[in-house]
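Encoded as C-alpha cells, the structure appears first; notes follow it.
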Protein chains: 2
Amino acid sequence: MAANSRLTIATHALVWLALAQRRGQELLTSEQVAASVNTNPVIIRRSLGDLRRAGLVDVRRGAGAGWSLAREPEGITLLEVYDAVDAQPPFGLHHTEPNLECPVGRGIRPALSGAYGRVEQAIRRELADTSIADVLRETLTNQPTGR
Amino acid sequence: MAANSRLTIATHALVWLALAQRRGQELLTSEQVAASVNTNPVIIRRSLGDLRRAGLVDVRRGAGAGWSLAREPEGITLLEVYDAVDAQPPFGLHHTEPNLECPVGRGIRPALSGAYGRVEQAIRRELADTSIADVLRETLTNQPTGR
DNA sequence: CCTTGTCGCAACAGCTTCTGTTACATCCGA
DNA sequence: TCGGATGTAACAGAAGCTGTTGCGACAAGG
C-alpha cells in the first residue's frame with residue numbers, strides 16, 4: 001500500500017480543474033477537489049501547493065478563494081507534474097556503503113547509477129508524451145455508464 | 001531512505017558471483033556475498049532466494065554449500081532481476097476509490113493505468129538492454145585506485 | 001552414522017514514508 | 001469587520017524495508 005500515489009492525486013486534481021474550466025467554472029476549492037478524489041482537503045492543499053510552486057496552478061486566497069489552472073491543459077505534461085510532486089526514483093542504491101576492499105564493492109555504484117539514470121530518462125520521455133488534456137480525453141471516454 | 005534497494009542488492013550479488021566464477025571460484029556462501037555488499041547474510045539469502053525461484057542462480061545446501069550462477073552473465077538481464085525481486089511499480093493509483101458520481105472519478109483510473117503502463121513498458125525496455133556482464137564490465141572500469 | 005557448516009524461514013524491532021486528521025494562524029473579498 | 005478558504009504544523013496509524021536473532025532442515029565428509 002506504500003505505493004506512491006502523489007502523481008495520481010495531483011493529476012486527478014489537474015484533470016478535474018481542466019474539466020471544470022471547460023464547463024465554465026474557473027475556480028474550485030480544495031474541498032470540492034477532495035470530494036472528487038475522495039480524500040481529505042488537506043491532502044489536496046498539500047498536493048496543489050506543490051503544483052503552485054511549480055507554476056502549474058494559481059490560487060486565490062481569502063473569501064471566494066480557490067484553485068485554477070495556470071496554463072492550458074494541452075500544455076501541461078505528466079512530466080511537469082512528476083517533477084512538481086518530487087516523486088522518489090524507482091530504484092535506490094545501497095543503504096550502507098559496500099565493502100570497498102572488493103572490486104565489485106568499489107565499482108558497482110557508478111555502474112548502477114548509469115543504468116538507473118537511463119531508466120529515469122526513459123520514464124521522463126514517456127511522461128512528457130502525455131498531457132493533462134490527453135488524460136482528460138481518455139477519462140471521458142471511460143465512462144462505465146456510457147455517460 | 002525507503003527507496004527500494006532490492007534490485008541493487010540482487011544485482012550486486014549476481015555481479016559478484018559472475019566475477020568469482022570468472023576467477024575460478026564457482027561457489028560463494030551468503031556470508032561471502034554479504035561481506036561484499038556489507039550487510040547481513042540473511043538479507044542476501046532472501047535476495048538470492050528470489051533469484052533462485054526465478055531460475056537465475058543455483059544453490060547447494062549442506063556442508064560446503066553455496067550459490068552459483070545458473071546461466072551465463074551475458075544472458076541475464078536487469079529486467080529478469082527486476083521481475084525476480086518483484087519491485088513495486090513507481091506509481092500507484094488512489095488508495096481509496098475516487099468519487100464515482102464525478103466524471104473524473106469514474107474514468108480516471110483506466111486513463112492513468114494506460115499512461116502508467118506505458119511508463120512501465122519503457123522501464124522494462126531499458127532494463128532489458130543491460131546484462132549482468134555489462135554491469136560487471138562497467139564495474140571493473142570504475143576502480144578508483146586504478147584496480 | 002554423526003558432525004559440521006550452510007541454507008530456509010519465521011518472528012521481531014527500528015526506522016522511514018505516506019496518508020489522513022485536527023487545529024489554528026493567515027489572508028482577503030464582500 | 002466578517003466569514004470562508006488557504007497554509008502549515010503536529011500527530012496518529014498503517015505499511016514497507018532493513019537488519020537481527022533463533023532454530024529447523026539439509027547434505028557433504030569423516
Side-chain angles (χ1 to χ4, degrees), chain A residues 1-10 12-13 17 25-35 37-54 57-68 70 85-99, chain B residues 1-10 12-13 17 25-35 37-54 57-68 70 85-99:
Chain A
M1 192 277 247
N4 217 355
S5 66
R6 281 190 291 173
L7 182 61
T8 293
I9 302 298
H12 186 142
L17 283 176
Q25 185 167 11
E26 197 66 36
L27 283 179
L28 288 181
T29 67
S30 60
E31 193 157 357
Q32 290 171 305
V33 177
V37 180
N38 194 19
T39 183
N40 192 290
V42 175
I43 303 290
I44 299 300
R45 289 206 283 270
R46 284 206 276 246
S47 181
L48 286 175
D50 288 338
L51 301 179
R52 175 178 54 77
R53 279 181 282 276
V57 298
D58 290 324
V59 63
R60 261 180 56 189
R61 302 192 58 180
W67 305 83
S68 58
V85 301
D86 195 33
Q88 62 177 354
F91 308 125
L93 293 179
H94 306 69
H95 286 191
T96 62
E97 182 170 66
N99 184 352
Chain B
M1 191 277 247
N4 218 355
S5 66
R6 280 189 291 173
L7 182 61
T8 293
I9 303 299
H12 187 143
L17 283 176
Q25 185 167 12
E26 197 65 37
L27 282 180
L28 288 180
T29 68
S30 60
E31 192 157 358
Q32 290 172 304
V33 177
V37 180
N38 195 19
T39 184
N40 192 290
V42 176
I43 303 291
I44 299 300
R45 287 206 283 270
R46 284 207 276 248
S47 181
L48 286 175
D50 289 337
L51 301 179
R52 175 179 53 78
R53 279 180 283 275
V57 298
D58 289 326
V59 62
R60 261 180 56 188
R61 302 190 60 179
W67 305 84
S68 57
V85 301
D86 195 33
Q88 62 177 355
F91 309 125
L93 293 179
H94 306 70
H95 287 192
T96 62
E97 181 171 65
N99 183 353

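Lettering of chains follows the sequences in order, A, B, ..., and the numbering in each one begins at 1.
- Within 6.0 Å of the CD atom in A:E31, the count of heavy atoms belonging to other residues, nucleotides or ligands does not exceed 12.
- Straight-line distance from the CG atom of A:D50 to the P atom of C:dT19: 11 Å, rounded to whole Å.
- If you measure from atom CG of B:L28 to atom C1' of C:dC7, you get 15 Å, rounded to the nearest angstrom.
- Between D:dT6 and A:R52, no contact under 4.0 Å exists linking OP1 or OP2 to a side-chain N or O.
- With sequence neighbours left out, B:N40 forms a side chain to side chain contact (heavy atoms under 4.5 Å, CB included) with B:V42, B:I43.
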Worksheet item: In B/S/- notation, 5' to 3', how is nucleotides 21-30 of chain C contacted by protein heavy atoms closer than 4.0 Å?
Response: BB---BBBB-
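- The side chain to side chain donor-acceptor pair (under 3.5 Å) test applied to B:R53 returns B:D50, not counting sequence neighbours.
- Residues passing the side chain to side chain donor-acceptor pair (under 3.5 Å) test with A:R46, sequence neighbours excluded: none.
- Of the candidates D:dG19, C:dC7, D:dT8, D:dG19 carries the atom nearest the A:H95 side chain, counting heavy atoms from C-beta on.
- Put simply, CD1 on A:I9 is 9 Å from C1' on C:dT19, counting in whole angstrom units.
- Atoms OG1 and CH2, on A:T29 and A:W67 in that order, are 10.5 Å from each other to the nearest 0.5 Å.
- Distance CG (B:D58) to P (C:dG8): 12 Å, rounded to an integer number of Å.
- Applying the side chain to side chain donor-acceptor pair (under 3.5 Å) rule to B:R60 yields no partners; only residues at least two apart in sequence or on another chain are considered.
- For B:E26, the side chain to side chain donor-acceptor pair (under 3.5 Å) partners are B:Q21, not counting sequence neighbours.
- At whole-Å resolution of the value, CZ in B:F91 and C1' in C:dC18 are 16 Å apart.
- Taking atom CD of residue B:Q88 and atom P of nucleotide D:dT18, one finds them 10 Å apart after rounding to whole Å.
- Counting to the nearest Å, the C1' atom of D:dA27 and the CG atom of B:L27 are 13 Å from each other.
- Under 4.0 angstrom from either OP1 or OP2 of D:dT6 there lies at least one side-chain N or O belonging to A:S30.
- Projected onto DNA chain C by closest heavy-atom contact, B:T96 and B:G49 fall at different nucleotides, the more 5' of which corresponds to B:G49.
- The shortest distance between the side-chain N/O atoms of A:S5 and the OP1/OP2 oxygens of C:dT19 is below 4.0 Å.
- Atom NE2 in A:H94 sits about 15 Å away from atom C1' in D:dC17, given to the nearest Å.
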